[in-house]
Structures are given as structure tokens and as C-alpha cells.
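Dropping a structure here in C-alpha cells format, bear with me for questions.
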Amino acid sequence: MTAIQEAVSPAEVLGQPYQYVRRELVEPDWRRFPGWREVTESQWRDAQWQRVHCLRNIDQLRAVLGDLVGERFYQDLAADQRDMATMSMLLPPQMLNTMVPDGADDLTEAFYADPIRRYMLPVRSDRDPEWASHPHSARDSLHEAEMWVVEGLTHRYPTKVLAELLSTCPQYCGHCTRMDLVGNSTEQVAKHKLALKPVDRQQAMLDYLRRTPGVRDVVVSGGDVANVPWHQLESFLMNLLAIETVRDVRLATKALAGLPQHWLQPKVVEGLERVAVTAARRGVNLAIHTHVNHAQSVTPLVAEAARTALAVGVRDVRNQGVLMRGVNATSEALLDLCFALQGEANILPYYFYMCDMIPNAEHWRVAVHQAQELQHAIMGYLPGYATPRIVCDVPYVGKRWVHQLADYDRERGISYWTKNYRTGIEHDDPEALSRRYPYYDPISTLPEAGKRWWREQTAS
């Protein structure tokens with residue numbers, strides 16, 4: 001201890017705004033739920049068991065939870081599915097098991113408060129009572145389908161494309177940005193359907209990429225690539241890697257967190273290694289992008305799945321979370337998650353997206369100024385390369401760091417953004433690079449004058 005340190009008493013030392021404490025990952029005991037008391041570890045680790053026992057309705061949820069959760073919660077959940085839900089229920093046991101992982105004296109209230117529950121099992125009382133949807137919300141809020149060059153292939157950025165191979169996932173998140181396409185129809189939303197057969201859609205994508213050498217980066221997504229039969233996915237990836245101009249391939253899968261058992265299956269691990277070896281031989285950067293929103297979701301099985309992918313040759317496993325009120329929109333929650341990912345699971349914290357402006361999502365969204373404050377608050381704790389960027393995905397613009405806005409009307413919650421490239425539908429638009437594009441804060445976060453202005457706009 002130095003002389004300076006000796007001269008300062010503990011009472012005089014100011015604490016840091018965030019105190020890092022290393023926490024060992026723990027797999028919650030699924031046997032705390034009545035419906036899973038007899039489930040063995042070998043069953044729990046089995047991907048097929050997880051898929052078969054996904055919860056698709058309230059009766060199945062009740063069969064697992066029993067009377068640990070009161071009837072009030074089930075009625076609230078049913079009301080949301082009837083009146084508000086844009087995504088149908090599909091919840092793997094792995095994800096349910098991360099809710100209230102330590103149990104509670106009052107499990108009903110604990111379920112209401114749980115951050116994983118808030119976005120995986122939204123209930124009616126969660127929703128904003130006045131502004132459930134923003135007046136400018138849209139089913140395809142990022143206009144991805146408008147930019148399809150072939151079915152499912154969005155060419156929004158000059159050098160990057162998004163390949164939606166399918167429209168299903170192993171789990172359905174309530175805030176899904178592709179709620180107009182992904183999953184089963186709900187009481188509120190009749191989903192759009194992909195028309196082409198998967199093999200024809202994939203072939204059309206590959207043909208486009210072969211004749212478009214300016215594209216170097218392909219995000220392979222959906223839905224979730226974990227729902228593509230492995231032999232089909234491997235075939236597509238090998239054909240993709242054979243295109244000389246493709247230099248980056250990213251596999252998008254929330255299943256790494258929601259169903260890590262899938263990525264630990266021997267046939268998947270062996271196939272992923274074949275793809276990774278081919279990518280390395282060609283000098284292509286192969287990465288997995290997953291989607292974790294809270295530290296509770298980072299368990300030993302998730303870490304095992306990530307490390308297995310890295311061990312067979314995947315260059316990086318990265319996380320793209322979504323910033324949501326009630327889930328992770330505090331500096332403590334974000335930093336806890338980042339340290340769990342980076343320090344305990346070898347998953348790189350990469351992005352936190354502001355929740356997109358889809359219908360019935362206002363209770364999740366944060367204002368741009370709040371996102372800016374959070375970006376400031378998490379700086380300096382993590383290694384620079386592992387400090388995530390908080391980004392706003394602005395309609396017709398794309399991802400922008402939250403400090404990159406051009407102008408901001410805080411009273412009405414309207415920010416304005418510019419861009420430096422044309423999307424796939426703007427090649428003939430002379431004003432695309434000079435136009436200012438609006439983005440809207442949730443109205444509930446505005447001062448009273450701003451709320452009054454929006455009430456007047458919607459009443460007229």
C-alpha cells in the first residue's frame with residue numbers, strides 16, 4: 001500500500017457508479033417447477049427434448065408452473081394474446097428456466113417483474129395504456145421487404161445483404177422486428193408468407209450474389225438459422241463460400257441462448273467445423289451473431305455452445321441485444337450482461353439496438369436521449385473492443401450510433417438523421433443523401449407539452 005493510499009480512510013473513498021463483481025455462471029434448477037421435477041440432465045441437454053417440450057399455449061405453461069403462479073397472471077397473459085400480441089407463444093424450456101432463476105416467496109409478483117418474462121411472455125398489463133403503438137409504427141418498420149432483390153434477400157447497405165432463409169424460430173420474442181413475417185399469425189396479425197420453396201429461394205439468393213460482386217458481407221438469418229435442417233444450411237453456406245467476392249458470413253441465431261442444446265448436437269458441431277474450415281481456407285470471416293438481452297440468460301450451457309463454436313473454427317461469437325425498458329435499460333443491467341457474455345461465455349458484446357417501432361411495442365422502447373445516456377454510462381468498464389455500441393436502426397437509413405443524429409426536437413421526441421449511401425430502392429433518388437429522416441421517441445417519455453402535441457395530431 002502506498003503512502004497516499006494509507007492516508008485515505010475507507011470512509012473517504014468514493015465508490016464507482018458500477019461495481020464489478022465476477023459471478024460464476026449457474027444453470028438454474030429446472031426441477032423447481034412442478035412440471036419438470038422428473039426431468040433428467042440428459043433429457044435437459046437433448047435438443048429434441050427441448051423442441052418437443054416448447055410451450056405453445058397457456059395450458060402448457062400452466063402444466064409446468066402449476067399453482068406457483070396465480071390465476072391473475074394467466075388471465076393477463078390470455079388478454080394480451082387476444083388483444084395485443086404480435087408474436088405467438090413459443091418458449092423453449094431453456095428460456096423459461098431462466099425466469100426467476102432463484103425462486104421467490106411470491107412467484108406471481110416475481111414473474112411479473114422478471115426481465116426475461118417481460119419480453120418473452122408479455123402480458124396485457126405490460127402495455128402502455130395510452131400509446132400501445134406509436135402513430136408512426138409499422139409492421140415492417142425497417143422496410144426490409146421493400147428492399148428485397150429476390151424473395152427474402154434484403155439489399156439495404158451498399159456492401160451487405162440480409163438473407164432470410166425461413167420465417168420460423170425455435171422461440172418467439174415479443175418485440176420481434178420481423179413480426180410481420182416471422183412465426184404464426186396471432187389474433188392481431190395475419191403474417192405474410194414466403195412463397196418460394198426453400199431450395200428455390202436459396203438458389204435465387206445465390207444467383208443474385210454471384211452477379212453482384214459489390215456485396216461482400218452476408219448475414220444469414222430468418223427467422224433463425226437453427227430452424228434450417230442442417231444439411232440444407234450447410235449446403236447453402238458452402239455455396240455461399242464458393243462465391244469469390246463474399247468475404248464475411250454471419251449466422252444469426254438467438255437459439256445459441258434460447259436453445260443452446262441445438263448448437264451442441266454432434267451433427268451440428270461436425271457440420272459447423274466443416275464450414276469453418278472451408279471459410280478459413282478461403283480467408284472468409286465466419287461469425288455467429290446471437291441475441292441475449294439479460295444476464296440471466298447466460299448460463300453454462302450457453303457458454304458451452306459458444307466455446308464449442310469457437311473451438312471448431314468460428315472466428316467470433318457476438319451478441320446483438322435489444323435495449324428495452326423493464327428488461328435491460330439501466331447501466332447496471334447492461335454491464336452485468338456484458339461481463340457475463342465477455343468474461344464468462346466468450347461472447348463479444350457487439351450491439352444494443354433500440355427496440356424498433358413495431359405495433360404494440362411502446363412500453364419497451366426508450367427515447368434517443370436515454371440511449372445516449374446509457375452509452376455514456378457503460379463506457380470505461382469493459383475492454384474497448386468489447387464495449388457495445390448502442391444503435392438506432394432508422395427507417396430508410398440503417399444503423400446509426402445514437403449520438404449521430406443531425407437534429408433533435410426533445411419536446412416532441414423527433415430526431416432527424418442523415419446517411420451516406422443509398423439503399424437498394426433509392427438508386428434514382430437525387431435527394432437520398434441530403435434528406436433528413438425522422439425517428440420518434442415513445443410518447444410516454446415526452447414532457448407534457450409534447451404529449452399534448454401528439455394527442456392533437458392524432459385527433460385531427
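Counting begins at 1 with the first residue of the sequence. Basis for what follows: all heavy atoms, side chains included, without hydrogens, waters or symmetry-related copies.
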key: From Asp217 atom CG to Tyr157 atom OH, the distance as rounded to the nearest 0.5 Å   = 10.5 Å

task = Sort and list the pairs that fulfil salt bridge (charged side-chain N to carboxylate O under 4.0 Å, His left out) and have at least one residue in residues 153-174, not counting sequence neighbours.
result = Arg156-Asp393, Glu164-Arg178

Asn319 (side chain) donor-acceptor with Leu348 (main chain) under 3.5 angstrom = no

From CG (Asn227) to OG1 (Thr168), nearest 0.5 Å = 4.0 Å

request  = Quick one: list whatever passes salt bridge (charged side-chain N to carboxylate O under 4.0 Å, His left out) with Glu71, sequence neighbours left out.
outcome  = Arg62

message = As a quick check of understanding, evaluate side chain to side chain contact (heavy atoms under 4.5 Å, CB included) for Leu334 and Phe352, giving each step before the final call.
response = CA-CA 9 Å; Leu334 290 181; Phe352 283 105; 3.8 Å; yes

request  = Please collect all salt bridge (charged side-chain N to carboxylate O under 4.0 Å, His left out) contacts where either partner lies in residues 400-409, sequence neighbours excluded, each pair once.
outcome  = Asp407-Arg436

query = So which heavy atom on Ala309 is nearest to which on Val317, and how close?
reply = CB-CG2, 4.3 Å

ask   = Can you find a heavy atom in the side chain of Trp364 that is under 4.5 Å from one in the side chain of Pro442?
value = no

request  = Keeping the roles fixed (side chain from Gln372, backbone from Val402), state whether a donor-acceptor pair exists under 3.5 Å.
outcome  = yes

note = Residues passing the side chain to side chain contact (heavy atoms under 4.5 Å, CB included) test with Ala276, sequence neighbours excluded, are Leu286

task = Of all the heavy-atom pairs spanning Leu77 and Met89, show the shortest one and how long it is.
result = CD2-CE, 3.8 Å

Residues forming a side chain to side chain contact (heavy atoms under 4.5 Å, CB included) with Leu433, sequence neighbours excluded = Arg422

task = Quick one: do Leu251 and Leu237 satisfy side chain to side chain contact (heavy atoms under 4.5 Å, CB included)? Show the steps, please.
result = CA-CA 10 Å; Leu251 307 180; Leu237 293 175; 3.6 Å; yes

Contacts of Glu151 that satisfy salt bridge (charged side-chain N to carboxylate O under 4.0 Å, His left out) - sequence neighbours left out = Arg201

query = Any side-chain heavy atom of Leu91 sitting closer than 4.5 Å to one from Met99?
reply = yes

ask   = Using the benzene-type ring in the case of Trp, are the ring centres of Tyr20 and Tyr381 under 6.0 Å apart?
value = no

inquiry  = For residues 106-119, which residue pairs pass the salt bridge (charged side-chain N to carboxylate O under 4.0 Å, His left out) check, not counting sequence neighbours?
reply    = Arg72-Glu109, Arg117-Asp126

note = What one should report as the nearest heavy-atom pair of Glu362 and Ile443 is OE1-N, 3.9 Å

key: Test ring pair (Phe, Tyr, Trp, His ring centres under 6.0 Å) applied to Tyr416 and Tyr408, step by step   = CA-CA 6 Å; Tyr416 297 92; Tyr408 195 3; 9.0 Å; no

request  = Identify the residue among Glu426, His143, Arg435 that makes a side chain to side chain donor-acceptor pair (under 3.5 Å) with Tyr396.
outcome  = His143

Minimum heavy-atom distance Ala226-Ala255, with the two atoms named = CB-CB, 3.5 Å

request  = Starting at NE2 of His369, measure out to CG of Asp441 and round the result to the nearest 0.5 Å.
outcome  = 6.0 Å

request  = Would you check if Phe73 and Val123 make a side-chain contact, meaning some heavy-atom pair closer than 4.5 Å?
outcome  = yes

task = Search all heavy atoms of Pro101 against all heavy atoms of Pro28 and return the closest pair with its distance.
result = CB-CG, 3.7 Å

ask   = Which distance, rounded to the nearest 0.5 Å, do you find between the CG of Asp76 and the OG of Ser125?
value = 3.5 Å

key: 4.5 Å side-chain heavy-atom contact, Thr290 and Val292   = yes

remark   = Between the SG atom in Cys54 and the CG atom in Leu259, the distance rounded to the nearest 0.5 Å is 6.5 Å

For Trp401, side chain to side chain contact (heavy atoms under 4.5 Å, CB included) partners two or more places apart = Arg389, Val391, Gln404

ask   = Taking only residues two or more places apart in sequence or in another chain, which ones pass salt bridge (charged side-chain N to carboxylate O under 4.0 Å, His left out) with Arg127?
value = Asp80

inquiry  = Looking at Arg56, is its backbone amide N or carbonyl O close enough to the side chain of Gln60 to form a donor-acceptor pair, meaning the two atoms are under 3.5 Å apart?
reply    = yes

note = For Ala85 and Thr186 the tightest heavy-atom approach is O-OG1, 2.9 Å

task = Measure the spacing between CG of Asp140 and CD1 of Ile358 and express it to the nearest 0.5 Å.
result = 11.0 Å

ask   = Does Gln81 use its side chain to pair, donor to acceptor, with the backbone of Ala78 at less than 3.5 Å?
value = no

ask   = Could you walk me through whether His175 and His291 pass the ring pair (Phe, Tyr, Trp, His ring centres under 6.0 Å) check?
value = CA-CA 12 Å; His175 66 279; His291 174 189; 5.3 Å; yes

Pairwise side-chain contact, Val368 with Trp417, heavy-atom cut-off 4.5 Å (strictly under) = yes

message = Are the side chains of Met87 and Cys173 in contact, using a 4.5 Å heavy-atom criterion?
response = no

query = Would Asp224 and Lys254 satisfy side chain to side chain contact (heavy atoms under 4.5 Å, CB included), going step by step from the backbone distance to the final call?
reply = CA-CA 7 Å; Asp224 191 314; Lys254 187 189 175 101; 3.9 Å; yes

query = Which pairs with one or both residues in residues 330-340 pass side-chain hydrogen bond (donor to acceptor under 3.5 Å, both in side chains), sequence neighbours excluded?
reply = Tyr18-Asp336

query = Counting only N and O atoms by type, is there a donor-acceptor contact under 3.5 Å from the side chain of Asn328 to the main-chain atoms of Met324?
reply = yes

inquiry  = With ring pair (Phe, Tyr, Trp, His ring centres under 6.0 Å) as the criterion, how do Trp454 and His134 come out once you've worked through the C-alpha distance, each side chain's angles and the decisive distance to 0.1 Å?
reply    = CA-CA 10 Å; Trp454 278 104; His134 194 280; 4.9 Å; yes

query = With sequence neighbours left out, what residues match Lys191 under salt bridge (charged side-chain N to carboxylate O under 4.0 Å, His left out)?
reply = none

inquiry  = Show, in sequence, the C-alpha distance, side-chain angles and deciding distance for Met147 and Glu144, and conclude whether the side chain to side chain contact (heavy atoms under 4.5 Å, CB included) test is met.
reply    = CA-CA 5 Å; Met147 302 176 199; Glu144 290 178 335; 6.0 Å; no

query = Does any non-hydrogen side-chain atom of Val215 lie less than 4.5 Å from one of Thr159?
reply = no

query = Can you tell me if NE2 on His376 sees more than 12 non-hydrogen neighbours from other groups inside 6.0 Å?
reply = no

inquiry  = Taking the side chain as everything from C-beta on, heavy atoms only, tell me whether Ile116 gets closer than 4.5 Å to Met95.
reply    = yes

inquiry  = Is it the case that over 12 heavy atoms from other parts of the model lie below 6.0 angstrom from the CZ atom of Arg315?
reply    = no

query = Which pairs, with at least one residue in residues 82-95 and sequence neighbours excluded, count as a side-chain hydrogen bond (donor to acceptor under 3.5 Å, both in side chains)?
reply = Glu27-Gln94, Trp44-Gln94, Gln94-Gln261, Gln94-Thr299

